[in-house]
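All heavy atoms count here, side chains included; hydrogens, waters and symmetry mates do not.
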Amino acid sequence: MESESKAPIIIIRKKKSAHGGHHGGAWKVAYADFVTAMMALFIVLWLMNSSEQVKKAIGGYFSDPSGKGKLVGSGLAGSGESLAVGKDDMAGLKDKLEGVIKSMPKFQEMKDNLDMTVTGEGLRLELLESERGMFFESGSASPTGPGAQLLEKLAQELGKLPNTIVIEGHTDARAFSKSGGYTNWELSTDRANAARKVMQALGVRPDQVKQVRGYADQHLRTPADPENPKNRRVSVIIQYQDASRAPASKPKPKA
């Protein structure tokens with residue numbers, strides 16, 4: 001009996017399995033990696049169905065995140081370069097320019113002397129003269145007040161684009177009366193060149209204007225009425241992104 005009372009007491013403690021306890025944060029890291037991979041997949045799928053402009057802008061961001069490499073006045077910092085306007089976007093540019101012009105204080109005076117059309121070369125904006133001279137002084141290459149204001153607005157908007165620009169000058173068929181051999185050829189060229197100078201001084205880049213053309217009375221807007229003052233005009237053509245590589249199209253006369 002005494003030996004039984006002095007027998008050692010054995011205590012058995014069962015070790016709890018770690019599977020039922022706290023797992024730690026490893027699963028959160030794995031889940032975050034999974035979500036990131038799925039997001040990357042969806043972004044790639046979206047890019048594959050996006051336009052070339054979007055792809056170019058995103059690619060430009062990763063090559064130049066600060067956007068200082070090729071900023072050309074678009075305000076799209078981080079895009080690498082501003083988006084060029086192609087054939088699919090020219091109608092949108094037309095609407096935007098129309099809105100800008102309509103906001104001008106002198107719009108009501110000049111609205112009947114402006115014409116904007118999308119052509120095979122690009123967006124053609126024509127500044128049509130009145131009998132007294134709407135955009136340029138009569139018989140002169142000097143812009144009027146409204147003409148200078150309009151050219152300034154255009155320069156501010158077009159300077160944001162990488163698209164190239166062509167400026168044309170046209171006259172009516174009326175013989176020019178100034179002496180010294182100055183003809184409609186000189187007048188049409190001088191007006192186009194004067195428009196270039198104003199626009200380049202106010203926003204258009206020096207390398208943006210690719211051509212300045214003077215046509216005199218060789219491309220009348222209204223051939224049936226060759227002395228109509230609206231034949232006297234300056235045309236600003238915003239070319240498509242690759243239009244400078246193609247032959248320039250001639251303006252089509254309107255009956």
Nearest atoms (heavy-atom pairs only) where [X] meets [Y]:
{"X": "His219", "Y": "Arg233", "result": "O-NH2, 2.7 Å"}
{"X": "Arg132", "Y": "Ser138", "result": "O-CB, 3.9 Å"}
{"X": "Ala195", "Y": "Phe136", "result": "CB-CZ, 4.4 Å"}
{"X": "Ser188", "Y": "Ala216", "result": "OG-N, 3.0 Å"}
{"X": "Ala192", "Y": "Gly169", "result": "CB-N, 3.6 Å"}
{"X": "Asn113", "Y": "Ser130", "result": "ND2-N, 3.8 Å"}

Answer whether the closest heavy-atom distance between the side chains of [X] and [Y] falls below 4.5 Å.
{"X": "Asp217", "Y": "Pro226", "value": "no"}
{"X": "Met199", "Y": "Gln208", "value": "no"}
{"X": "Arg124", "Y": "Ile237", "value": "yes"}
{"X": "Leu97", "Y": "Leu123", "value": "yes"}

Please answer: with hydrophobic residues joined when any side-chain heavy atoms are less than 4.5 Å apart, are [X] and [Y] in the same cluster?
{"X": "Phe135", "Y": "Ile238", "result": "yes"}
{"X": "Val100", "Y": "Leu150", "result": "no"}
{"X": "Leu154", "Y": "Met116", "result": "yes"}
{"X": "Leu151", "Y": "Leu128", "result": "no"}
{"X": "Leu202", "Y": "Leu161", "result": "yes"}

Electrostatic pair [X]-[Y], nearest N-O below 4.0 angstrom:
{"X": "Glu98", "Y": "Lys94", "answer": "yes"}
{"X": "Lys210", "Y": "Glu121", "answer": "no"}
{"X": "Glu131", "Y": "Arg174", "answer": "yes"}
{"X": "Lys230", "Y": "Asp115", "answer": "no"}

Closer than 3.5 angstrom, by distance alone: can the side chain of Asn231 be matched with the main-chain N or O of Asp225 as a donor-acceptor pair?
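Indeed, once roles are kept as given, a pair shorter than 3.5 Å links the two residues.
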Partners meeting side chain to side chain contact (heavy atoms under 4.5 Å, CB included) with Asn193 (sequence neighbours left out)
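By the side chain to side chain contact (heavy atoms under 4.5 Å, CB included) rule, Asn193 matches Arg196, Lys197, Val212.
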Is the Tyr215 ring parallel, tilted or perpendicular to the His170 ring (thresholds 30°, 60°)?
parallel
Gap between atom [atom2] of [Y] and atom [atom1] of [X] - 0.5 Å precision:
{"X": "Thr119", "Y": "Tyr240", "atom1": "OG1", "atom2": "OH", "answer": "5.5 Å"}
{"X": "Ile101", "Y": "Leu114", "atom1": "CD1", "atom2": "CG", "answer": "5.5 Å"}
{"X": "Thr164", "Y": "Leu158", "atom1": "OG1", "atom2": "CG", "answer": "11.0 Å"}
{"X": "Met134", "Y": "Glu109", "atom1": "CE", "atom2": "CD", "answer": "6.5 Å"}
{"X": "Lys160", "Y": "Arg205", "atom1": "NZ", "atom2": "CZ", "answer": "12.5 Å"}
{"X": "Ile167", "Y": "Gln200", "atom1": "CD1", "atom2": "CD", "answer": "7.0 Å"}

For residues 133-154, pull every pair meeting salt bridge (charged side-chain N to carboxylate O under 4.0 Å, His left out), keeping only residues two or more places apart or in separate chains.
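Residue pairs passing salt bridge (charged side-chain N to carboxylate O under 4.0 Å, His left out), neighbours aside: none found.
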Is the closest side-chain donor-acceptor distance between Thr189 and Glu186 under 3.5 Å?
no
Among Asn184, Asp172, Thr171, find the one that has a side chain to side chain donor-acceptor pair (under 3.5 Å) with Arg232.
Asp172
